[in-house]
Amino acid sequence: MQEVNKLDPELASKIMKLPISYEEKGKEIGKEIGRNEEKREIAKKMILEGLSPNLIVKVTGLSHEDIKVLSESINN
C-alpha cells in the first residue's frame, strides 16, 4: 500500500480500483452461471411435462443441442 501511495495519484487510483473491478467481474460471472443453471432446471421440468423442444428453446433461450442433451440425461 505504501508503494502505491508513492505513485502518481492517477495511476495509484487505477491500481486501487483493480481489486474492485475483479470482484465485480466475479459477481457477474457468478450471476450468469446461476441464470444458466436456472434455465436448465426449468427446461428439465418442461421436458418432463412433455413440452416440445421448440417451445422449450423459445422460452428458456437454450439451444436445441442443450435441450437434446438435457432430454438424454433425463431419459438415461
Acceptor/donor pairs from residues 37-48 side chains to any protein atom, 3.5 angstrom cut, sequence neighbours excluded:
none

Give the table of side-chain donor-acceptor pairs shorter than 3.5 Å for residues 49-67, with sequence neighbours excluded, one pair per line with atom names and distance.
from  : atom 1 : to    : atom 2 : distance (Å)
Ser52 : OG     : Leu55 : N      : 3.1
Thr60 : OG1    : Ile56 : O      : 2.7
Thr60 : OG1    : Leu62 : N      : 3.2
Ser63 : OG     : Glu65 : N      : 3.4
Ser63 : OG     : Asp66 : N      : 3.0
Ser63 : OG     : Asp66 : OD2    : 3.2
Asp66 : OD2    : Ser63 : N      : 3.4

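Evaluation of the side chain to side chain contact (heavy atoms under 4.5 Å, CB included) rule for Lys27 yields Glu23 as partners, not counting sequence neighbours. Evaluation of the side chain to side chain contact (heavy atoms under 4.5 Å, CB included) rule for Glu32 yields Arg35, Asn36 as partners, not counting sequence neighbours.
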